Amino acid sequence: RRRIAQQQYADKTNIQVPTPPIAYDLDTIKDRLLYGEYAQTGGTGFAADIRRIHSITLEYCESKVDSKKDRCIIYRAAQILVAAFEGRWQQKLKSKKQSINK
């Protein structure tokens with residue numbers, strides 16, 4: 001109901017209401033991995049989906065960081081996860097590049 005109300009408000013006011021992060025996004029990525037749906041886009045598609053979830057989470061929480069403690073915690077956790085993902089992703093890209101050059 002909340003999402004419907006948010007969308008109706010966005011439609012009336014012609015603004016974009018950020019979509020709250022929802023668990024099925026991570027489940028969608030898990031399913032795509034299990035069913036080989038990243039075979040066409042490879043790691044690029046996977047990384048794009050992960051970054052999209054991070055972006056949505058940060059956008060949703062950013063404007064309300066001071067107003068709700070829970071959102072502040074989620075925002076900080078998302079920042080940590082972004083940094084961890086990007087660090088690991090760069091390691092994977094470097095190791096793949098090194099194995100190709102051997």
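Nothing here was measured: the structure is a model prediction, and the numbers come from that model.
- Contacts of Glu37 classified as side-chain hydrogen bond (donor to acceptor under 3.5 Å, both in side chains), with partners at least two apart in sequence or in another chain: none.
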Show me the side-chain donor-acceptor pairs of residues 43-50 shorter than 3.5 Å, one per line, residues at least two apart or across chains.
from  : atom 1 : to    : atom 2 : distance (Å)
Asp49 : OD2    : Arg32 : NH1    : 2.5
Asp49 : OD2    : Tyr38 : OH     : 2.6

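- In this structure, NZ in Lys30 is found 5.5 Å from CG in Asp27, a value given to the nearest 0.5 Å.
- Under a hydrophobic clustering in which Ile, Leu, Val, Met, Phe, Trp and Tyr are joined whenever their side-chain heavy atoms come within less than 4.5 Å, directly or via other members, Trp89 and Ile29 fall into the same cluster.
- Using a 4.5 Å cut-off between side-chain heavy atoms of Ile, Leu, Val, Met, Phe, Trp and Tyr, with links allowed through other members, Phe85 and Ile53 fall into the same hydrophobic cluster.
- Atom-to-atom distance recorded for Ser55:OG and Arg52:CZ is 9.0 Å, nearest 0.5 angstrom.
- Shown are Lys97, Lys96, Gln90, Gln91; of these, the side-chain contact (heavy atoms from CB on, under 4.5 Å) with Leu93 is made only by Gln90.
- By the rule that hydrophobic residues join a cluster once side-chain heavy atoms approach within less than 4.5 Å of another member, Leu81 and Leu58 end up as members of separate clusters.
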